[in-house]
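Throughout, protein chains are lettered first and strands after them, A, B, ... in sequence-line order, and every chain is numbered starting at 1. Scope of the values below: all heavy atoms of this structure, side chains included, with no hydrogens, waters or symmetry mates. Computed from a predicted structure; not experimentally measured.
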There are 2 protein chains.
Amino acid sequence: MDIGEFSAMAESAVAAREVIIAFVHCQITYSGRAEAFLGRGDRVLLIKADSTVIIHQPEGSNPINYMRPGSAVTFEKVDQHVMMHVMNSGDKSFLDVEIFRVYDVASRKLEDGQKQDLAGSERDMSDHIRDNPTLIGNDFHPISREEQTDVGFIDVFGHDKQGHFVVVECKRITASLMAVDQLRRYVERVKQIKGTQVVTGVLAAPSITPNARDMLESYGFRYAHVQPPMRLERWHRDQKKIFEY
Amino acid sequence: MDIGEFSAMAESAVAAREVIIAFVHCQITYSGRAEAFLGRGDRVLLIKADSTVIIHQPEGSNPINYMRPGSAVTFEKVDQHVMMHVMNSGDKSFLDVEIFRVYDVASRKLEDGQKQDLAGSERDMSDHIRDNPTLIGNDFHPISREEQTDVGFIDVFGHDKQGHFVVVECKRITASLMAVDQLRRYVERVKQIKGTQVVTGVLAAPSITPNARDMLESYGFRYAHVQPPMRLERWHRDQKKIFEY
DNA sequence: CGTGCCAGGTGCCAT
DNA sequence: ATGGCACTTGGCACG
């Protein structure tokens with residue numbers, strides 16, 4: 001496609017809040033939270049209705065460059081190529097895309113009011129524990145979930161038979177040192193607030209790294225093996241079918 | 001575009017390791033690390049050379065759905081629409097995209113061997129501190145950078161005039177409670193390894209949250225105001241130019 | 001709006 | 001492969 005034609009088309013598409021997709025040969029400079037340069041190559045350019053700009057290389061799951069929603073997108077014709085300037089005053093960043101060739105391009109007004117419905121988050125897991133307290137122990141009685149403290153919120157907060165407080169930190173994946181840090185911070189804070197030295201810390205996760213387990217136990221805390229709900233539901237259901245072939 | 005034509009074209013493009021971009025009207029089901037459903041709407045579909053699949057809604061910076069590189073992508077014609085099945089055996093996940101309409105589509109072999117050159121990372125910051133130790137204090141002498149311990153690696157490790165060890169944790173953005181947790185973990189570990197109780201902890205960052213500062217000081221640690229290198233370099237340079245107009 | 005933290009986090013590098 | 005962690009992390013929820 002002619003490069004001047006692209007410039008005019010893209011400009012009006014951006015103004016009309018259309019989405020633009022294109023295969024381009026380009027070179028990229030970014031300046032903002034970091035400074036970056038990417039030499040000439042073929043990439044996928046995506047400009048969204050809210051002026052989000054995303055650039056993908058032919059491989060890999062992450063964009064190589066992007067600009068947040070609400071950016072100012074302008075096009076400048078320079079000789080036989082187009083310079084696309086993207087500026088975001090919110091985070092004070094620039095993206096300059098020097099476009100040498102446009103292989104394919106399309107722009108269109110897209111309609112989509114749908115929100116994704118997602119299950120299997122850590123919140124579901126803490127709900128699950130609250131409804132099934134024996135997952136933590138036979139002597140665990142939940143009081144609240146997502147309890148707010150000034151050092152973060154406690155996933156599940158409760159007590160045991162003797163009335164000693166119990167703090168539970170949930171991880172939907174393997175618990176790491178950071179998870180132990182968090183638990184420790186909450187336990188310390190609860191001790192301060194409640195004025196007691198007897199607070200139980202429990203780390204609930206499907207697994208835990210050896211170092212995290214060591215550190216956990218050195219603090220006198222406990223690990224509870226808990227599976228996050230809905231994990232790999234479909235895989236287990238369909239695998240059977242696949243093996244039947 | 002005819003939906004059957006799309007199916008055949010996409011199938012051969014995937015086989016040829018071409019990249020595909022399209023505007024489609026679709027409905028999406030995901031199952032893997034979580035379970036998700038997204039009703040009918042207009043979206044951008046991107047299939048990369050390595051069988052990465054990415055789907056974007058018309059707004060927002062993140063993809064609404066994606067599948068990692070190396071997925072198996074197949075197309076199935078069902079009545080007047082196409083069902084795209086994506087399966088990744090690595091992370092045991094499924095993505096089903098039911099495509100009702102294809103507004104625009106393009107596929108192409110893209111050539112790009114470039115790697116991005118990026119400056120301003122935390123690693124650059126720890127390099128900067130090692131080369132300019134007075135940023136931490138007049139009495140700081142770096143020994144090593146990225147020092148490995150079993151509880152993580154220490155950004156900059158050094159000592160003071162009296163030979164007391166100093167542990168520096170860097171953050172390129174505002175330091176939070178988590179950063180203090182990390183620093184504390186490293187200081188504790190160094191005390192154990194070196195068999196001393198006198199270890200200085202320093203948190204180096206451009207800013208720090210009030211809670212983090214409180215916790216930092218309660219541990220007897222210190223904050224060092226350090227700007228990450230190259231931050232907003234371009235903005236400062238060009239802002240002047242902008243204001244000249 | 002800042003603070004804290006989860007995320008289908010992802011990617012990088014270390015052991 | 002697993003572990004520890006940075007990331008132009010992004011996004012949400014709460015004070």
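- Out of C:dA7, D:dG3, D:dT8, the shortest distance to the side chain of A:S121 is found at C:dA7.
- Only the P atoms considered, C:dC5 is 22 Å distant from D:dT8, to the nearest whole Å.
- Mapping A:G152 and B:A36 onto DNA chain C by nearest heavy atom places A:G152 at the nucleotide closer to the 5' end.
- Between the OH atom of B:Y186 and the C1' atom of D:dG4 there is a distance of 7 Å, rounded to whole Å.
- When side chains are defined from C-beta on, B:L46 counts as touching A:H56, because their heavy atoms get closer than 4.5 Å.
- Under 4.0 angstrom from either OP1 or OP2 of D:dT2 there lies no side-chain N or O belonging to A:T174.
- Side-chain proximity of A:K171 to the nucleotides C:dC6, D:dT8, C:dG4 is greatest for C:dC6.
- Nucleic acid contact class of B:E147 (heavy atoms, under 4.0 Å, all strands): none.
- Between the side chains of A:N88 and A:S71, at least one donor-acceptor pair of N or O atoms lies under 3.5 Å.
- As a whole-Å value, the separation of B:N88 CG from C:dG9 P is 14 Å.
- If you check every strand for non-hydrogen atoms under 4.0 Å, B:E146 touches nothing.
- When only modelled atom types and interatomic distance are considered, A:Q116 and B:N65 share a side-chain donor-acceptor pair under 3.5 Å.
- As judged by a 4.0 angstrom heavy-atom cut-off over every strand, A:E169 is placed among residues touching the sugar-phosphate backbone only.
- In this structure, the CG atom of A:N62 is 17 Å from the P atom of D:dA6, given to the nearest Å.
- Closest approach to the A:L118 side chain among C:dA14, D:dG3, C:dG8 is made by C:dG8 (side chain taken as heavy atoms from C-beta onward).
- Rounded to a whole Å, the CG atom of B:N211 is 5 Å from the P atom of C:dG4.
- An OP1 or OP2 oxygen of C:dG9 is reached within less than 4.0 angstrom by a side-chain nitrogen or oxygen of B:R33.
- Nucleic acid contact for A:S176: none, since no nucleic acid atom lies under 4.0 Å from a heavy atom of the residue.
- When each of D:dC5, C:dG8, C:dG4 is scored by its nearest atom to the side-chain atoms of B:M67, the top-ranked nucleotide is C:dG8.
- Nearest-nucleotide positions on DNA chain D for A:Q148 and B:D150 put B:D150 closer to the 5' end.
- Evaluation of A:Y66 against the base of D:dT8 yields a stacking contact (centre distance < 5.5 Å, interplanar angle < 30°).
- In this structure, B:R184 forms no cation-pi arrangement with B:F221, as its terminal cationic atom is not both closer than 6.0 Å to the ring centre and no more than 45° off the ring axis.
- For the P atoms, the distance linking D:dC5 with C:dG8 amounts to 22 Å, nearest Å.
- If you check every strand for non-hydrogen atoms under 4.0 Å, B:I208 touches nothing.
- Considering only side-chain N and O atoms, B:R68 lies under 4.0 angstrom from the phosphate OP1 or OP2 of C:dG11.
- The 5' end of DNA chain C is approached more closely, in terms of each residue's nearest nucleotide, by A:Q116 than by the other of A:Q116 and B:P69.
- Set against C:dG8, D:dC5, D:dG11, the side chain of B:A34 has C:dG8 as its closest nucleotide.
- Considering OH of B:Y66 and OG of B:S93, their distance stands at 9.0 Å, rounded to 0.5 Å.
- Between C:dA14 and B:R123, no contact under 4.0 Å exists linking OP1 or OP2 to a side-chain N or O.
- Atom-to-atom, CG of B:D155 to C1' of D:dG4 comes out at 12 Å; the value is rounded to the nearest Å.
- For the pair B:E122 CD and D:dG4 P, the computed distance is 17 Å after rounding to whole Å.
- Rounded to a whole Å, the CD1 atom of A:I154 is 16 Å from the P atom of D:dC14.
- For D:dT8, the OP1/OP2 oxygens have no side-chain nitrogen or oxygen of A:S31 closer than 4.0 Å.
- Here the nucleotide nearest the side chain of B:S61, chosen from C:dG8, D:dG10, C:dG4, is D:dG10.
- Distances from the side chain of B:Q182 to the nucleotides D:dC5, D:dC14, C:dC5 place D:dC5 closest.
- Defined by atom type and a distance below 3.5 Å, a donor-acceptor pair is missing between the side-chain atoms of B:T209 and B:S176.
- Donor-acceptor pairing under 3.5 Å is lacking for the side chains of B:R185 and B:Q182.
- Contact annotation for A:N65: base contact, defined as any heavy-atom pair under 4.0 Å involving a base atom.
- By the stacking rule of 5.5 Å between ring centres and under 30° between planes, A:Y30 stacks on the base of D:dT8.
- We find that CG of A:D181 is positioned 17 Å from P of D:dG3, with the value rounded to whole Å.
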